[in-house]
Amino acid sequence: MIEQLLSEKTKEALNSLYGASVETVSFEKTNPDFTGDLTLVVFNFLKISKKKPEDTANEIGNYLKANVSEIADFNVVKGFLNLVISDSYWLNYFNSVKNKDFSSTKLPENAPVVMVEYSSPNTNKPLHLGHVRNNLLGFSVAEILKAAGNKVVKTNIVNDRGIHICKSMLAWQKWGNGETPESSGIKGDHLVGKYYVEFDKHYKLEATDLKAKGMSEEEAEKNAPLVLQTKEMLLKWEKGDKAVRSLWEMMNGWVYKGFDVSYKMMGVDFDKTYYESNTYLLGKNIIDDGLAKGILKRREDNSVFIDLTADGLDEKTLLRSDGTSLYMTQDLGTALQRFEEVHFEKLIFTVANEQDYHFKVLSLILNKLGYSWAKGLHHLSYGMVELPEGKMKSREGTVVDADDLMSEMIKTAEATTKELGKVDNLTEEEAQHLYKTIGLGALKYFLLKVDPKKKMLFNPAESIDFNGNTAPFIMFNYVRVQAMLRKATDAGIHFDSSETMEITSVLPKEKELIIKVHSFETIIQQAAKEFSPALIANYTYDLAKEYSQYYHDTSILKEENNEKKIFRLQLSNMVGNVIKASTKLLGIEVPERM
RNA sequence: GAUCCCAUAGCUCAGCUGGAUAGAGCAACGGUUUUCUAAACCGUAGGCCUUUGGUUCGAAUCCAAAUGGGAUCACCA
């Protein structure tokens, strides 16, 4: 990396010129309005040099030019030292990576293990837009971490038990008339979700009824017959009641079949799937351990808690007075279980920001209990997706359904593609695949290009764009490259040999493209560090945009100089390779034609 | 009441480990096609970077407060 070399040499310069040693020296990309590639801001060194900014910059510049062969020239504007890196440096770099497969990563044996948990669906309803953001984020972060040199284990924990699951079960029992996915033709998860909404409808009626009879709102909500029956059902489930268990298994089975279809459509997968019904009792041994260490305390009524008031938080109960465990207890237990299973360096939880508090407490407790691995826990917190009318609520049916949204996107892609008349040479199968690639790509990019932690507004009335900063634009540029390369191959031009072209100078745009590709590695590392697919998305867009301008202004196949022509083809090929690799990190596939 | 997150063009967002004149896309207006895919390219217009104070040679960026928006603070998950 050129930055590293320059940083070292600058330290050397400061030492030799002013006899001072500086810890870190960093460069930034030169502002496009000035000449140069990298810029050193010298204001920080004035104390050392005891000279004017211009003089300091000039002295450092002279030293670097004399001692670093990669520096072709420099100029000084006020306190800014702009360095021009020689074309030959960039060309050497270009030649070393022009045929590289940017998407392959070879992991060292001892690569750190990172577990990424995402999705975590409930089995009482189908996936909605919020889940889509979660799934895409989790999957993409996993891909990015892989590319950054980690061994990644993708995990899903299915919340398959609990009072909310019993709600749809009870409603189906009461009003389902034996309806099944087969008999109704409704996708399993949607069918179950239908009864979840049904439950809420009846429950609200009951509560209103009780209120009319003089109960307070709170009483009415607690004493609605449906609520009591659900609690009873949960107790039966916990005791292993045969009828309840088999109903549970049947309905969950429908849901899993449905989820599989949605996951496959989204293009996400998991290495491990956990079920809450198997893990909800975990964590009690941690409690015993904490009590023994005196970090957890037992109340008079036998419940167990931890006092976090000294850390600015509250008292957190970890065991009910009847000895049963809670959400937090369970999460403590599963974290420990996972560490014992895979010895992760990091454990990433992809969960919406409404649970920031929960994860803060979780990490704090584990740290207090002295588990050294707990510092590897990270909550990948993302903002909620909101609709113009506010938060989505599954119970009330005000959600953007994941399956509906995806098929809507594919339909839009189909309509647009046909309108542009781009399907003439495709078989029906190829065309269908193309619509899916474009539609889902547009959706994925739309959700991933925004900083994860920001909440996002989705207006279903305004369909997702296909122009500008979008996946179809990026794909379009990839496709243009492929079309051109096919044409070149047909004409018998060999651009993919490792042969080095005798190019001595490059166009400014060509240099920019090489520099852009050069920074791909750094961007991956940064995205991995910040768990941010948005960085990859924006990088890819910038690259595609620059290529688009280059393509527009420069003739490639029509270039008469053969060396230049081949160089340009190689450059295009390289840009295509990077686009393919970086979109892959977002879970986006690129088509070969469109 | 307490804590956490957010605030940049009409809209959606970049930029935030302090640096030069704050960038894209959409929408608006105008232009480019006998030339490698026009889902493209070029141009015009659009900004008290929410406000105030502080730190600094230098602040959209760091600190504090205020305002507005969101979330959380169960022996629910």
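A 3.5 Å limit on both hydrogen-bonding distances identifies B:rU44 as the Watson-Crick or G-U partner of B:rA28. The partner of B:rG1 is B:rC73, judged by Watson-Crick or G-U wobble contacts that both fall below 3.5 Å. Shown here, B:rU56 forms no base pair; nothing in the strands shown gives a Watson-Crick or G-U wobble contact with both key distances under 3.5 Å. In this entry B:rU37 has no Watson-Crick or G-U wobble partner, no candidate having both defining distances under 3.5 Å. In this entry B:rC16 has no Watson-Crick or G-U wobble partner, no candidate having both defining distances under 3.5 Å. B:rU61 is unpaired under the criterion used here, namely a Watson-Crick or G-U wobble arrangement in which both key atom distances are under 3.5 Å. Base pairing of B:rU67 is made with B:rA7, judged by Watson-Crick or G-U wobble geometry with both donor-acceptor distances under 3.5 Å.
Within 4.0 Å (heavy atoms only), A:Ser381 reaches no atom of the nucleic acid at all. Residue contacts for A:Phe305: at a heavy-atom cut-off of 4.0 Å it reaches no nucleic acid atom on any strand shown. Residue A:Val450 is classed as a sugar-phosphate contact, given heavy-atom separations below 4.0 Å to backbone atoms only. Within the 4.0 angstrom heavy-atom criterion, only backbone atoms of the sugar-phosphate kind lie near A:Tyr357; the bases stay farther away. Nucleic acid contact for A:Asn44: base, since at least one base atom lies under 4.0 Å from a heavy atom of the residue. Across all strands, A:Asn82 comes closer than 4.0 Å to base atoms (heavy-atom distances).
Distances shown here put every side-chain N or O of A:Lys545 at or beyond 4.0 Å from the OP1 or OP2 atom of B:rC41. The side chain of A:Gln549 contributes an N or O atom lying less than 4.0 Å from OP1 or OP2 of B:rC42. Dashed line: the shortest gap from a side-chain N or O of A:Lys454 to OP1 or OP2 of B:rA14 is under 4.0 Å.
Tested against A:Tyr445, the residues A:Thr583, A:Asn469, A:Thr470 include a single side-chain hydrogen bond (donor to acceptor under 3.5 Å, both in side chains) partner, A:Asn469.
Taking atom P in both B:rU8 and B:rG47, one finds a spacing of 15 Å when rounded to whole Å. Spacing between B:rU56 and B:rC63 at atom P, rounded to whole Å, works out to 16 Å. Annotation: B:rU12 and B:rU72 have their P atoms spaced 23 Å apart (nearest Å). Spacing between B:rA22 and B:rG46 at atom P, rounded to whole Å, works out to 14 Å. A distance of about 7 Å separates the C1' atoms of B:rA38 and B:rU33, rounded to the whole Å. B:rG25 and B:rC41 have their C1' atoms separated by 15 Å, with the value rounded to a whole Å. Distance noted for atom P between B:rC26 and B:rU44: 16 Å (whole Å). Of the C1' atoms belonging to B:rU50 and B:rG68, the separation is 8 Å, rounded to the nearest Å.
Under the 4.5 Å side-chain criterion, counting only non-hydrogen atoms from C-beta, A:Phe80 is not in contact with A:Phe34.
Distance OH (A:Tyr547) to C1' (B:rA24): 21 Å, rounded to an integer number of Å. Rounded to whole Å, atom P of B:rC73 lies 16 Å from atom CG of A:Leu364. The distance from atom NZ of A:Lys449 to atom C1' of B:rA14 is 10 Å, rounded to the nearest whole Å. A:Tyr541 has its OH atom 11 Å from the C1' atom of B:rG23, to the nearest Å. Rounded to a whole Å, the CG atom of A:Leu457 is 12 Å from the P atom of B:rG70. The NZ atom of A:Lys47 sits 11 Å away from the P atom of B:rU56 (whole-angstrom rounding). With rounding to whole Å, A:Phe359 atom CZ is found 16 Å from B:rC73 atom C1'. The separation between A:Gln355 atom CD and B:rA74 atom C1' is 14 Å, rounded to whole Å.
For a distance-only test at 3.5 Å, the side chain of A:Thr317 fails to qualify as a donor-acceptor partner of the base of B:rA74. The base of B:rA22 is not paired with the side chain of A:Asn31 by any donor and acceptor separated by under 3.5 Å.
Cation-pi geometry between A:Arg480 and A:Tyr551 is met: the NZ or CZ atom falls under 6.0 Å from the ring centre, inside 45° of the normal.
For A:Asn469, taking side-chain heavy atoms from C-beta onward, the closest of the listed nucleotides B:rG15, B:rG25, B:rU21 is B:rG25. Taking only side-chain atoms of A:Val41, from C-beta outward, the nucleotide of B:rG19, B:rC5, B:rA77 with the closest atom is B:rG19. Taking only side-chain atoms of A:Phe34, from C-beta outward, the nucleotide of B:rA24, B:rC76, B:rA20 with the closest atom is B:rA20.
Under 4.0 Å is where a charged nitrogen must lie from a carboxylate oxygen, and between A:Asp288 and A:Lys284 no such pair does. Remark: A:Lys436 does not engage A:Glu589 in a salt bridge, criterion side-chain N to carboxylate O under 4.0 Å. Remark: A:Glu512 does not engage A:Lys516 in a salt bridge, criterion side-chain N to carboxylate O under 4.0 Å.
In summary, the aromatic rings of A:Trp237 and A:Tyr280 are positioned with their centroids under 6.0 Å apart. A centroid separation of less than 6.0 Å is found between the aromatic rings of A:Phe349 and A:Phe359.
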How does protein contact run along nucleotides 32-40 of chain B, one letter per nucleotide 5' to 3', with B for base contact, S for sugar-phosphate only, - for none, heavy atoms under 4.0 Å? ---SBBSBS
List the steps, then state whether side chain to side chain contact (heavy atoms under 4.5 Å, CB included) holds for A:Lys453 with A:Asn353. CA-CA 8 Å; A:Lys453 70 169 180 280; A:Asn353 63 11; over 6 Å; no
Set out, in order, the CA-CA distance, both residues' side-chain angles and the distance that settles side-chain hydrogen bond (donor to acceptor under 3.5 Å, both in side chains) for A:Asn302 and A:Ser321, then state yes or no. CA-CA 5 Å; A:Asn302 220 29; A:Ser321 48; over 6 Å; no
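Closest-nucleotide positions on RNA chain B for A:Ala544 and A:Glu386 were compared, and the one nearer the 5' end corresponds to A:Ala544. Nearer the 5' end of RNA chain B, as judged by each residue's closest nucleotide, is the contact made by A:Leu81, out of A:Leu81 and A:Asp542.
Taking the six-membered ring where the residue is Trp, A:Tyr327 and A:His358 present parallel rings, their angle staying beneath 30° rather than reaching 60°.
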